[in-house]
Amino acid sequence: MNTSLARLADLKRVLLGMERDLGLQSLAEPERLILCAAALQDAGDIELSVAALQEHQLTVGLPRSTFFKALKTLISTGHLTKVGPSKRSGYTLTTRQ
């Protein structure tokens with residue numbers, strides 16, 4: 001048996017359990033990736049920029065249209081909050097678990 005693959009499978013099982021516990025299982029993978037990137041960059045009172053979220057290691061491979069569709073979903077579900085009315089507004093993480 002491949003022990004590396006078994007460890008990966010075990011980590012995936014734990015991750016899925018945590019996502020279920022946090023109520024994130026209904027989110028699509030791009031949405032979960034953006035949310036995790038936001039959580040890793042979140043400093044509480046600092047706005048997250050679109051550029052910072054797009055350039056994060058977890059999201060850098062997402063197509064632009066997928067990224068913005070997922071971002072819109074995260075705002076509509078209340079996971080992220082847009083700060084300010086302008087197009088270049090920042091975002092704050094509203095899911096603090």
Side-chain angles (χ1 to χ4, degrees):
M1 179 174 183
N2 186 330
T3 57
S4 293
L5 185 55
R7 284 188 296 213
L8 175 63
D10 191 44
L11 287 172
K12 185 68 171 175
R13 182 179 51 79
V14 171
L15 177 63
L16 290 173
M18 290 180 75
E19 288 174 348
R20 190 173 33 257
D21 292 346
L22 292 170
L24 304 179
Q25 73 276 9
S26 64
L27 296 177
E29 183 67 11
E31 294 155 3
R32 288 193 301 261
L33 290 172
I34 293 170
L35 193 58
C36 287
L40 289 170
Q41 295 180 20
D42 182 45
D45 58 348
I46 297 174
E47 295 176 17
L48 302 166
S49 70
V50 168
L53 291 171
Q54 282 181 303
E55 294 167 1
H56 193 276
Q57 182 182 8
L58 294 175
T59 60
V60 75
L62 292 176
R64 184 174 172 81
S65 61
T66 301
F67 176 88
F68 282 102
K69 181 180 177 189
L71 185 64
K72 184 177 179 180
T73 298
L74 290 171
I75 294 166
S76 70
T77 58
H79 290 92
L80 292 177
T81 301
K82 188 174 182 179
V83 179
S86 75
K87 228 178 173 181
R88 299 222 179 256
S89 298
Y91 299 88
T92 59
L93 184 64
T94 52
T95 304
R96 300 195 192 280
Q97 307 267 345

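All values derive from a computational prediction rather than experimental measurement.
Looking at Thr59, its side chain does come within 3.5 Å of a backbone N or O of Leu53 through a donor-acceptor pair. The closest donor-acceptor contact from the side chain of Thr94 to the backbone of His79 lies under 3.5 Å. Checking side-chain atoms of Arg32 against main-chain N and O of Leu27 turns up a donor-acceptor pair under 3.5 Å.
In terms of hydrophobic clustering, with Ile, Leu, Val, Met, Phe, Trp and Tyr side chains grouped at heavy-atom distances under 4.5 Å, Leu22 and Leu93 are assigned to a common cluster. Ile75 and Leu35 fall within a single hydrophobic cluster, where Ile, Leu, Val, Met, Phe, Trp and Tyr side chains are chained together by heavy-atom contacts under 4.5 Å. Hydrophobic clustering, with ILVMFWY side chains joined whenever heavy atoms are under 4.5 angstrom apart, keeps Met18 apart from Leu33.
Closest approach of Ala37 to Leu58, counting heavy atoms only: N-CD1, 3.9 Å. Residue Gln41 comes nearest to His56 through the heavy atom pair NE2-CD2, 2.9 Å, listed as atom of the first residue, atom of the second, then distance. Taking both residues in full, the closest heavy atoms of Leu62 and Thr66 are given as CD2-CG2, 4.4 Å, listed atom of the first, atom of the second, then distance. Nearest heavy-atom pair across Asn2 and Ser4 is OD1-N, 3.0 Å.
You'll find the side chain of Phe68 reaches within 4.5 Å of the side chain of Arg64, heavy atoms only. Between Leu71 and Tyr91 there is a side-chain heavy-atom pair separated by less than 4.5 Å.
Separating the CG atom in Leu74 from the OG atom in Ser76 is a distance of 8.0 Å, to the nearest 0.5 Å. Annotation: the span from Leu11 atom CG to Arg13 atom CZ amounts to 9.0 Å, rounded to 0.5 Å. In this structure, the separation between CG on Leu48 and CD1 on Ile34 is 11.5 Å, given to the nearest 0.5 Å.
No more than 12 heavy atoms of other residues, nucleotides or ligands lie within 6.0 Å of CD in Gln57, so this atom counts as exposed by the packing criterion. Within a 6.0 Å sphere centred on NZ of Lys82, heavy atoms belonging to other residues, nucleotides or ligands number more than 12.
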